[in-house]
Every structure is written in C-alpha cells, then in structure tokens.
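First the structure, in the form of structure tokens, and then the observations on it.
The figures here come from the full heavy-atom set of this structure, side chains too, leaving out hydrogens, waters and symmetry mates.
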Amino acid sequence: MATVIQPGERTPAPEPLTLVQDLVNTVDLEMEQDALTKPADLSAFCADHGLPSLRFDRADLAEVLILREAVRDVCQAHAGIDVPAESLTVLDRLLADAPLTLALSADGGATVRPADGLTGVQALVSRLAADIATSVAVGNWPRLKACAADTCRWVYYDRSPAGRSRWCTMSLCGSRNKMRTYRARS
C-alpha cells in the first residue's frame with residue numbers, strides 16, 4: 001500500500017498515531033475512493049503497518065469499516081464536533097474485546113501493548129487502542145483531528161502552535177468554508 005499523501009503538504013502524524021491516521025484515511029470521501037474494498041486490502045494495510053499475518057473475511061472488513069468511521073468521529077470531536085452516541089457505542093463494544101497489557105522494563109519504563117495471541121479484528125483494534133493510550137499519555141491524541149468540512153473529514157495532525165486548526169488545509173477546505181461564509185453574508 002502506498003504512502004498516504006497528506007493534503008496541503010501537511011506532515012503525517014507522529015508515531016504512534018500513524019496507524020490510526022492511515023486507517024481512517026483509507027477512504028477519500030470527496031473522491032469516493034476506498035482503499036479497503038476487500039479483505040485482502042485490509043490484510044495488506046495491516047502488514048504495511050507492522051501487523052503481518054492478519055487475515056480477514058468480509059464480516060471482519062465490514063466491522064473495521066464501521067470502526068474506521070467511529071474513530072473519524074472521535075477525531076472530529078478534537079476539532080469541536082461532538083461524537084455521535086452510535087460511534088461511542090461501536091467503540092465501547094470493539095474496545096471491550098481488545099485486551100491490552102502493561103509491560104514494565106528493567107529501567108522502570110512502562111508501555112501499553114496488545115495482549116499476546118490476538119488475531120484478526122481483535123489484533124488490529126488492540127493495536128489501535130495501545131497506540132491511542134500511548135498518545136493520550138504523551139498528550140498528542142487531541143491533535144489528531146478530522147477536517148470540519150462534511151464532504152472531507154480527512155484526518156490530519158494539527159501542528160499549529162495553539163492546536164486550533166479545523167481544516168485539513170486552509171487552501172482547500174478552509175478556503176471553501178470562508179467563501180461559503182462570505183457568500184452567505186452577501
């Protein structure tokens with residue numbers, strides 16, 4: 001799977017948010033292009049992101065596509081739009097089946113990681129959960145946002161000093177919004 005090109009030459013999210021960002025951005029809503037149309041696409045995506053040997057069927061793919069949109073909704077909440085209750089329900093259900101373990105190191109460090117022996121959707125969701133938990137601990141999880149434009153909703157990493165960006169890029173969605181606002185006032 002090719003490297004995801006970010007709009008407006010944005011820099012991709014730092015690790016460990018890359019998997020989360022890339023999964024949500026496997027669909028381009030404006031262009032109606034989805035990189036995950038069959039189970040093999042999902043297996044290839046996972047292999048490209050350090051999860052080799054995961055295999056999925058059609059039901060698994062459908063579940064991951066639902067997960068993808070629920071995570072997009074959470075990222076949009078980081079830009080000020082409330083998460084729909086249905087998305088929270090989906091995430092609660094999937095995350096309940098995604099066990100994590102806390103690994104301690106000899107130097108006193110600690111990391112959250114997926115439990116051993118997981119396969120399929122459970123392995124992918126556990127990895128996402130571990131990456132999100134790590135990002136929450138570091139403090140950069142709220143900077144992973146979905147564009148506020150309903151037709152876009154591309155997930156980007158907000159590197160602005162104040163962390164108040166709302167658009168994937170000002171030259172695209174931000175400019176369109178400003179123009180719509182201007183026309184509405186005219």
Side-chain angles (χ1 to χ4, degrees), residues 1 3-4 6-8 10-27 36 42 45-54 60 63-148 153-169:
M1 190 163 282
T3 302
V4 177
Q6 301 300 315
R10 281 191 180 266
T11 305
E15 287 295 341
L17 289 173
T18 305
L19 173 64
V20 179
Q21 181 182 32
D22 287 353
L23 176 65
V24 177
N25 288 338
T26 55
V27 64
L36 302 179
L42 181 55
F45 172 85
C46 288
D48 287 349
H49 288 82
L51 295 166
S53 305
L54 293 184
D60 295 334
E63 191 84 319
V64 169
L65 297 182
I66 291 167
L67 167 71
R68 175 178 73 186
E69 295 313 309
V71 173
R72 182 187 316 277
D73 287 342
V74 172
C75 290
Q76 199 162 18
H78 295 159
I81 299 170
D82 289 341
V83 180
E86 307 82 44
S87 294
L88 294 174
T89 300
V90 164
L91 291 169
D92 286 346
R93 177 179 55 80
L94 290 170
L95 291 169
D97 290 332
L100 300 175
T101 60
L102 181 65
L104 301 174
S105 62
D107 66 357
T111 57
V112 176
R113 62 177 176 74
D116 293 332
L118 302 176
T119 60
V121 174
Q122 192 179 38
L124 176 57
V125 174
S126 290
R127 167 74 184 280
L128 287 168
D131 290 354
I132 291 169
T134 300
S135 296
V136 168
V138 170
N140 62 2
W141 170 239
R143 287 188 174 260
L144 192 65
K145 299 177 178 182
C147 182
R153 299 185 73 217
W154 188 264
V155 171
Y156 63 94
Y157 189 77
D158 182 359
R159 294 181 186 278
S160 67
R164 293 186 185 162
S165 179
R166 293 187 33 116
W167 314 107
C168 62
T169 177

Q) For the atom pair CG (L65) and OG1 (T26), what is the distance rounded to the nearest 0.5 Å? A) 7.0 Å
(Q) For a 4.5 angstrom cut-off between non-hydrogen side-chain atoms, does L128 reach L67? (A) yes
Q | Any Q76 side-chain heavy atom under 4.5 Å of S87 side chain | A | no
Q: Taking the side chain as every heavy atom from C-beta outward, state whether D158 and H78 have any atom pair closer than 4.5 Å.
A: no
Q. Are the side chains of T18 and P12 in touch, meaning some heavy atoms are under 4.5 Å apart?
A. no
Q) Under a 4.5 Å cut-off applied to non-hydrogen side-chain atoms, are Y157 and T11 in contact? A) no
Q | Heavy-atom pair of closest approach, residues A79 and S165 | A | CB-O, 4.5 Å
Q) Salt bridge between D97 and R93, side-chain N to carboxylate O under 4.0 Å? A) no
Q) Under 4.5 Å between any side-chain heavy atoms of L23 and L36, yes or no? A) yes
**Q.** CZ on R143 to CZ on R164, rounded to 0.5 Å
**A.** 10.5 Å
Q.
Nearest 0.5 angstrom please: L124 CG to E63 CD, how far?
A. 11.0 Å
**Q.** Trace of the side chain to side chain contact (heavy atoms under 4.5 Å, CB included) decision for R153 with E69
**A.** CA-CA 10 Å; R153 299 185 73 217; E69 295 313 309; 4.2 Å; yes
**Q.** Straight-line distance of N140 CG to E15 CD, nearest 0.5 Å
**A.** 10.5 Å
Q) Hey, what do you get for CG (L51) to OG1 (T119), rounding to the nearest 0.5 Å? A) 11.5 Å
Q: Starting at CG of D116, measure out to OG1 of T101 and round the result to the nearest 0.5 Å.
A: 6.5 Å
Q. So, do S135 and L144 sit near enough that their side-chain heavy atoms are less than 4.5 Å apart?
A. no
Q) If we only count heavy atoms from C-beta on, is the L19 to F45 side-chain gap below 4.5 Å? A) yes
